[in-house]
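Everything below concerns the one structure shown next.
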Amino acid sequence: VKFIGERGSFTINFSDENKMVSSHFNIDGKKGQVKTYPDKGAGTIFFGTYAQDGVPSFVGTWDLISFGAPEPFHPGFFLIEDIFIFHKGTHHLTDTTGGLFEPFEDFCVVGGPFDGGAIDPTGGAIVAFDQIATIAGFEGHWFMYSPFPGVGLDPFTCAPLPPGIDGFWDWGSKSGTLTRLFP
């Protein structure tokens, strides 16, 4: 089945419901891959791109995925339960910490404690401070305070980030920026 929208398209082969395969994923001119999950009821996916500072060839896409687990301190927010990273349009990387996200205190977006990185599928906010992801044996950290699409806030000062930057990451000796594409 081919899905086509204003910003791009992708194809999914549904012949084996336990292992659905994607191909030809292209959103805003960026290649990617689709990871599928069995139906767990409600769910939300936010996605975007990443780039390494000063290294234009170290790029890819990311997905923040929630299956609908409520964030206990903020009604309407859901915990981010999985991260899927597609590097350079050639292979995917998975966070092997498996949904174990770090609690933090938010001072920028809605205020108060969070049990871990969270998304608001209705308002579009992403709130995540110093979340840890273990990818390919290396520990990485990521930060994203984005109260709604197109607006990123510095996680330490709450000041607006430059246009096109919604968060930051570091992994091993690399660091860079995160940009939201949708929603």
Atom of His74, atom of Gly111 and distance for their closest heavy-atom approach: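 Closest heavy-atom pair between His74 and Gly111: CE1-O, 2.9 Å.
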
Exercise: identify the closest heavy-atom pair between Pro121 and Gly76: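 Taking Pro121 first and Gly76 second, the nearest heavy atoms are CD-O, 3.6 Å.
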
Check: Glu81 side chain, Phe67 main-chain N or O, donor-acceptor pair, under 3.5 Å: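 Side chain of Glu81 to backbone of Phe67: a pair is present.
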
Main-chain N/O of Ile132 paired with Glu102 side-chain donor or acceptor, under 3.5 Å: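 Pair found, side chain donor or acceptor close to backbone of Ile132.
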
Which residues share a side-chain contact (heavy atoms from CB on, under 4.5 Å) with [X], sequence neighbours left out:
X      : value
Thr49  : Lys30, Thr61, Thr179, Leu181
Phe3   : Val1, Phe10, Ile12, Phe14
Glu6   : none
Phe156 : Phe129, Phe143, Asp154

Contact list for residues 51-86, test disulfide (SG to SG under 2.5 Å), sequence neighbours left out: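 Output for this query is empty, none listed.
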
Pairs involving residues 107-166, ordered by first then second residue, that meet disulfide (SG to SG under 2.5 Å) (sequence neighbours left out):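 Residue pairs passing disulfide (SG to SG under 2.5 Å), neighbours aside: Cys108-Cys158.
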
To the nearest 0.5 Å, how far apart are [atom1] in [X] and [atom2] in [Y]?
X      : Y      : atom1 : atom2 : answer
Thr134 : Glu139 : OG1   : CD    : 5.5 Å
Ser175 : Gln52  : OG    : CD    : 6.5 Å
Asp63  : Ile80  : CG    : CD1   : 11.5 Å
Glu71  : Phe77  : CD    : CZ    : 8.0 Å

For residues 163-170, dump all side-chain donor-acceptor pairs below 3.5 Å to protein atoms at least two apart in sequence or in another chain.
unit_1	atom_1	unit_2	atom_2	d
Asp166	OD2	Arg180	N	2.7
Trp169	NE1	Ala51	O	3.3
Trp169	NE1	Thr177	O	3.2

Pairs involving residues 109-130, ordered by first then second residue, that meet side-chain hydrogen bond (donor to acceptor under 3.5 Å, both in side chains) (sequence neighbours left out):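 For residues 109-130, and leaving out neighbouring residues, the side-chain hydrogen bond (donor to acceptor under 3.5 Å, both in side chains) pairs sorted by first residue read Asp130-His141.
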
Beyond-backbone contact of His87 with Trp62, side-chain heavy atoms, under 4.5 angstrom: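 Counting from C-beta outward, His87 and Trp62 never come under 4.5 Å.
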
Do [X] and [Y] land in one hydrophobic cluster if side-chain heavy atoms of ILVMFWY residues count as linked below 4.5 Å?
X      : Y      : value
Leu153 : Val127 : yes
Val55  : Trp142 : yes
Tyr50  : Leu64  : yes
Phe78  : Phe73  : no

Residues clustering with Phe107 (ILVMFWY side chains joined when closer than 4.5 Å, directly or via others):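 Reading the cluster by chain and number, Phe107 sits alone, since nothing else belongs.
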
Counterpart residues, side chain to side chain donor-acceptor pair (under 3.5 Å), relative to Asp53 (two or more places apart):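 Counting only residues at least two positions away or on another chain, Asp53 forms no side chain to side chain donor-acceptor pair (under 3.5 Å).
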
Listed partners of Phe104 passing ring pair (Phe, Tyr, Trp, His ring centres under 6.0 Å), at least two apart: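 Ring pair (Phe, Tyr, Trp, His ring centres under 6.0 Å) check on Phe104 returns Phe114.
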
Phe138 and Trp171 aromatic ring geometry - parallel, tilted or perpendicular at 30°/60° bounds: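 Trp171 and Phe138: perpendicular rings.
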
